[in-house]
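Comments concern the structure below.
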Amino acid sequence: MRRPLVAGNWKMNCDKQESADLIAALKSETLKEGVEVMIAPTFVNLAATVDHTQDAAIGVAAQNMHQSASGAYTGEISGAMLKSIGVETVILGHSERRAYFGEDEALLADKVKAALAFGMQVIFCFGEVIEDRRAGKHFDVVAAQLKGALYDLDEAAYKQIVLAYEPVWAIGTGETASPEQAQEMHAFIRSNMAERYSEQLAQDVTILYGGSVKPNNAGEIFGQPDVDGGLIGGASLKADSFAAIVNAFPV
Ligand code: 13P
């Protein structure tokens with residue numbers, strides 16, 4: 001079922017103390033009931049974050065994982081390891097992973113399947129670069145990203161998948177998609193899902209928007225009929241702005 005969700009992607013920010021401080025500050029904020037809240041710190045601070053959020057309604061996600069369960073993959077982390085410390089959600093397909101670490105649709109398809117096999121929830125990110133949008137190819141690009149990484153899956157798999165549309169040109173740039181642009185793409189994603197699967201699934205899947213969401217634009221973006229929440233980067237690194245974004249949710 002669609003559910004209101006706001007997740008903070010901390011990326012490669014916050015050391016041990018800063019993570020603990022940010023969590024403590026977040027716990028002292030009043031967060032709107034009915035909105036699911038999640039944070040994704042770096043791997044090294046994940047276990048401590050699970051501990052520190054035990055007594056709060058704040059979920060914890062990893063920012064990536066390897067597609068194998070274990071083995072000779074120096075520097076990598078598996079879904080089994082994440083599960084073993086109590087992390088049940090993983091962000092996959094982020095544009096920074098695609099751009100800087102060469103992650104493509106085939107690899108992401110494997111990662112998604114691995115995460116699902118571990119019983120994890122996946123927040124699957126995708127979105128076009130500015131050249132694609134200028135060329136009017138943004139719908140085709142998004143359709144290809146969904147098809148390439150997800151459309152092998154059967155319908156039941158989507159109980160464990162949240163989609164996150166993140167136009168690359170809006171990430172960390174301060175330039176956000178307009179509420180109309182976000183709504184237009186989210187509606188397209190649902191129609192594309194309906195073509196591949198069913199109208200029911202298209203209506204049930206949770207679709208987040210990500211890209212320069214701030215307290216002053218969150219309410220309008222979250223208020224769009226096909227936008228179910230947000231994946232927040234920079235503004236999730238301060239408890240008051242993250243809380244303001246959560247509390248901007250019109251529920
Ligand atoms: P910003 O909110 O900093 O634009 O980042 C968005 C993002 O990439 C979340 O995953």
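All ligand and atom numbering here is 1-based and tracks the order in the structure. On a predicted model such as this, the values are computed, not experimentally measured, just so you know.
Atoms of ligand 1 found under 4.0 Å from any heavy atom of Ser212 (numbered from 1 in listed order, with element): 1 (P), 2 (O), 4 (O). Annotation for ligand 1: atoms under 4.0 Å from non-hydrogen atoms of Gly172 are 1 (P), 3 (O), 4 (O). Near Glu166, meaning under 4.0 Å from any of its heavy atoms, are these atoms of ligand 1: 6 (C), 7 (C), 8 (O), 9 (C), 10 (O).
When non-hydrogen atoms are compared, ligand 1 lies under 4.0 Å from neither the backbone nor the side chain of Cys125. The proximity of Asn9 to ligand 1, defined as any non-hydrogen pair under 4.0 Å, is limited to the side chain.
Between Phe188 and Phe139, the two ring planes are tilted [angle within 30° to 60°].
For ligand 1, one of its N or O atoms has an N or O atom of Gly234 under 3.5 Å away. Considering backbone and side-chain N/O of Glu96, none are found under 3.5 Å from N/O of ligand 1. Of the polar atoms of Gly210, none of the N or O atoms is found under 3.5 Å from an N or O of ligand 1, judged by distance alone. Residue-to-ligand polar distances keep Ile232 apart from ligand 1: every N/O pair is separated by 3.5 Å or more.
Ligand 1 has no atom lying under 4.0 Å from any heavy atom of Lys214. For the ligand labelled ligand 1, residue Ala170 lies inside the 4.0 Å heavy-atom shell. Residue Gly211 places a heavy atom less than 4.0 Å from ligand 1.
Salt bridge annotation for Asp152-Lys147: absent, with no cationic side-chain nitrogen under 4.0 angstrom from a carboxylate oxygen. A salt bridge does not link Lys137 to Glu128: none of the charged nitrogens lies less than 4.0 Å from a carboxylate oxygen. Looking at Lys111 and Glu103, a side-chain N of the basic residue comes within less than 4.0 Å of a carboxylate O on the acidic one, giving a salt bridge. Salt-bridge check for Glu29 with Lys238: failed, with every basic side-chain N at 4.0 Å or more from each acidic carboxylate O.
Panel note: side chain Asp226, backbone His186; no donor-acceptor pair is recorded below 3.5 Å.
Using a 4.5 Å cut-off between side-chain heavy atoms of Ile, Leu, Val, Met, Phe, Trp and Tyr, with links allowed through other members, Phe126 and Leu231 fall into different hydrophobic clusters.
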